[in-house]
Amino acid sequence: MTSLDLVNVEKSFGPIKILSDISISLEKGEFLVLVGPSGCGKSTLMNIIAGLEEPTGGNLRMSGRDITQLSPADRNISMVFQSYALYPNMTVEQNIEFPLRMRKVGKTERTERVKSVSRLLQIEHLLSRKPRQLSGGQRQRVAIGRALAREPQLYLFDEPLSNLDAQLRGDMRTEIKKLHQRLGATIVYVTHDQIEAMTLATRIAVMKGGVLQQLGTPHEIYNRPANTFVAGFMGSPRMNLVEVSVVGERGRLGLAIAPGAQEEAVIALPEAPSALDDYLGKSVIMGVRPEAINLAHDSIPVGDHAQVRAKVEVIEPTGADTLASLSIGQAQLVARLEPEAPIEVGQRHRFLVDRSRLVCFDTETEALIP
């Protein structure tokens with residue numbers, strides 16, 4: 001049985017449609033991340049799940065029970081907010097215990113749950129402190145502890161790490177991941193940060209303009225994006241998206257980069273998808289991740305790789321690797337290379353493109369060509 005079903009959920013404010021026909025089924029124990037740019041509707045969808053907003057259309061079911069019209073208090077859901085929402089006049093212990101008091105849980109059980117949660121989150125030494133005496137990371141742990149103490153069916157996290165600095169955000173991501181693994185809890189998590197989405201999720205829902213663009217595992221979203229929006233939004237640096245021509249290359253299909261230019265490069269496709277046959281002589285959008293482009297050298301077998309020559313325009317060392325901006329005619333690509341890659345700005349070098357990592361999109365619909 002699914003833990004949560006969203007069926008054709010819609011939301012409008014007057015004539016303005018915020019969500020359009022959102023359908024997602026979430027299994028028990030899954031970690032679903034809603035991701036997308038600001039204003040895409042992900043927080044509105046979260047509020048509808050929580051019961052803070054009513055959908056204009058569609059319905060919600062939890063473990064088979066229709067909860068569309070239930071109040072937030074009757075949904076057995078805990079929510080962790082971006083602002084922590086701790087009571088400043090209460091101690092950590094009292095903050096964690098508060099929702100249990102509201103539900104009239106007995107004192108002995110309240111005490112046991114507070115102890116259990118504080119031990120799990122390693123905040124036992126903070127129980128007597130007030131929120132103002134805590135760091136941002138400690139406050140977030142307390143907010144999570146308060147949600148855990150209720151032992152709900154579903155946990156909602158609304159951009160819980162956005163107020164933390166980069167290092168602490170990374171640490172808290174790891175803690176939330178560990179927490180999910182230990183508890184096997186069902187979680188819906190909203191973020192605009194694609195790194196959080198990729199590292200935390202068992203499945204990701206990518207949204208744009210109130211429309212669900214793709215629902216899939218992090219691997220599916222990253223390697224087989226449903227359209228150019230998902231391809232460009234997920235990944236840092238983003239996927240290279242270049243308009244190319246589909247040509248016949250020695251009895252096989254190939255992708256011509258900068259066709260007609262002096263620097264034209266053709267990537268032969270030994271195992272091109274059959275749907276690409278219909279595009280022979282036409283343009284498509286080629287997508288390739290930066291890490292699928294490597295400097296040609298003897299340690300990389302040619303195999304599934306195609307060789308191209310490109311001019312190095314910009315070099316950006318990042319420590320762990322080097323990002324190189326390349327040009328082939330008017331086409332621009334970014335390659336993620338090894339830290340000490342022997343390249344020079346202004347020089348042409350041979351690069352290998354992993355053909356198994358290429359995807360193609362229709363130029364008009366911008367949808368993936370399967």
Side-chain angles (χ1 to χ4, degrees), residues 29 31 33-34 43 46-47 49-52 71-193 195-197 199-201:
F31 197 129
V33 175
L34 305 176
S43 289
M46 173 74 87
N47 289 336
I49 296 171
L52 303 176
S71 68
D74 294 327
R75 294 193 180 201
N76 198 16
I77 290 173
S78 277
M79 194 165 184
V80 179
F81 297 93
Q82 174 182 345
S83 61
Y84 316 138
L86 301 177
Y87 297 104
N89 60 322
M90 294 184 183
T91 64
V92 167
E93 182 175 10
Q94 290 167 336
N95 266 282
I96 295 174
E97 190 183 48
F98 183 75
L100 302 178
R101 283 180 176 272
M102 293 297 97
R103 289 174 176 267
K104 303 193 184 317
V105 175
K107 180 172 176 53
T108 301
E109 187 176 349
R110 292 202 310 266
T111 302
E112 284 303 313
R113 288 203 204 175
V114 170
K115 282 183 180 179
S116 175
V117 164
S118 61
R119 193 181 308 118
L120 181 67
L121 296 172
Q122 299 179 2
I123 54 174
E124 296 165 286
H125 62 295
L126 303 176
L127 291 178
S128 61
R129 297 188 191 179
K130 299 283 183 70
R132 65 177 178 276
Q133 298 171 301
L134 306 177
S135 67
Q138 289 170 336
R139 291 180 193 177
Q140 193 55 273
R141 285 173 188 253
V142 175
I144 293 171
R146 184 175 56 190
L148 292 178
R150 278 188 54 191
E151 299 180 354
Q153 281 185 279
L154 180 68
Y155 295 91
L156 305 181
F157 288 77
D158 189 7
E159 304 210 36
L161 309 184
S162 59
N163 287 337
L164 305 180
D165 61 54
Q167 182 175 340
L168 190 51
R169 199 159 56 237
D171 293 342
M172 285 303 300
R173 273 202 311 266
T174 302
E175 291 303 316
I176 291 173
K177 183 94 172 182
K178 287 179 181 176
L179 193 63
H180 177 250
Q181 290 169 348
R182 285 193 211 112
L183 298 177
T186 306
I187 296 173
V188 179
Y189 189 107
V190 164
T191 183
H192 63 275
D193 187 328
I195 302 298
E196 283 180 34
T199 55
L200 291 174

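In this text the structure is predicted, and so the values were computed from the model without any measurement.
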S.K.: Any sub-3.5 Å donor-acceptor pair from Thr91's side-chain atoms to Arg129's backbone N or O?
M.R.: no
S.K.: Of the options Glu151, Arg146, Arg113, which is the one that meets Leu100 in a side chain to side chain contact (heavy atoms under 4.5 Å, CB included)?
M.R.: Arg113
S.K.: Between Arg139 and Pro131, is there a donor-acceptor pair closer than 3.5 Å when you use the side chain of the first and the backbone of the second?
M.R.: yes
S.K.: Please report the shortest heavy-atom distance between Ala50 and Arg75, naming the atom on each side.
M.R.: O-CD, 3.8 Å
S.K.: Tell me the closest heavy-atom pair linking Ile96 and Gly145, and the distance in Å.
M.R.: CG2-O, 3.9 Å
S.K.: For the side chain of Gln133 and the backbone of Lys130, is there at least one donor-acceptor N/O pair under 3.5 Å apart?
M.R.: yes
S.K.: Looking at OG of Ser118 and CG of Leu127, how far apart are the two atoms once the value is rounded to the nearest 0.5 Å?
M.R.: 4.5 Å
S.K.: Could you pull out the closest heavy-atom pair between Pro72 and Gly51, with the gap in Å?
M.R.: CG-O, 3.5 Å
S.K.: With side-chain contact (heavy atoms from CB on, under 4.5 Å) as the criterion, how do Ile187 and Leu156 come out once you've worked through the C-alpha distance, each side chain's angles and the decisive distance to 0.1 Å?
M.R.: CA-CA 6 Å; Ile187 296 173; Leu156 305 181; over 6 Å; no
S.K.: Say whether, by atom type as modelled, one donor and one acceptor occur between the side chain of Asn47 and the main chain of Leu52 under 3.5 angstrom.
M.R.: no
S.K.: Tyr84 and Ala143: which non-hydrogen atoms are nearest, and at how many Å?
M.R.: O-CB, 3.8 Å
S.K.: Taking the side chain as every heavy atom from C-beta outward, state whether Leu120 and Leu183 have any atom pair closer than 4.5 Å.
M.R.: yes
S.K.: Is there a donor-acceptor contact under 3.5 Å from the side chain of Arg173 to the main chain of Leu200?
M.R.: no
S.K.: Under a 3.5 Å distance rule, please check whether Gln138 uses its side chain to pair with a backbone N or O of Ser135 as donor and acceptor.
M.R.: yes
S.K.: Taking C-beta and beyond as the side chain, do Gln82 and Pro160 meet within less than 4.5 Å on heavy atoms?
M.R.: no
S.K.: Is any side-chain heavy atom of Leu134 closer than 4.5 Å to a side-chain heavy atom of Val92?
M.R.: yes
S.K.: If you count the non-hydrogen atoms of other residues, nucleotides and ligands that lie under 6.0 Å from NZ in Lys177, is the total more than 12?
M.R.: yes
S.K.: When the ring planes of Phe31 and His180 are compared, do they come out parallel, tilted or perpendicular, using 30° and 60° as the limits?
M.R.: perpendicular
S.K.: Rounded to the nearest 0.5 Å, what separates atom CD1 in Ile77 from atom CG in Leu154?
M.R.: 5.0 Å
S.K.: So, do Tyr155 and Ile144 sit near enough that their side-chain heavy atoms are less than 4.5 Å apart?
M.R.: no
S.K.: In the structure I gave you, are the side-chain heavy atoms of Leu168 and Leu161 within less than 4.5 Å of one another anywhere?
M.R.: no
S.K.: Taking Gln94's backbone N and O only, do any of them form a donor-acceptor pair with Arg101's side chain (distance below 3.5 Å, no angle check)?
M.R.: no
S.K.: Closer than 3.5 angstrom, by distance alone: can the side chain of Asp158 be matched with the main-chain N or O of Met46 as a donor-acceptor pair?
M.R.: no
S.K.: Do other residues, nucleotides or ligands put more than 12 heavy atoms under 6.0 Å from the CD atom of Gln122?
M.R.: no
S.K.: Would you check if the side chain of Glu109 reaches a backbone N or O of Gly106 as a donor-acceptor pair within less than 3.5 Å?
M.R.: no
S.K.: Any salt bridge linking Glu97 with Arg110? Criterion: basic side-chain nitrogen under 4.0 Å from a carboxylate oxygen.
M.R.: yes
S.K.: Decide yes or no for Thr174 and Thr199: does some side-chain heavy atom of the first lie under 4.5 Å from some side-chain heavy atom of the second?
M.R.: no
S.K.: State, with a plain yes or no, whether a side-chain heavy atom of Arg141 is found less than 4.5 Å away from one of Glu175.
M.R.: yes
S.K.: For a side-chain hydrogen bond (donor to acceptor under 3.5 Å, both in side chains) check, start with the C-alpha distance between Glu159 and Thr191, then their side-chain angles and the critical distance, and finish with the verdict.
M.R.: CA-CA 5 Å; Glu159 304 210 36; Thr191 183; 5.1 Å; no
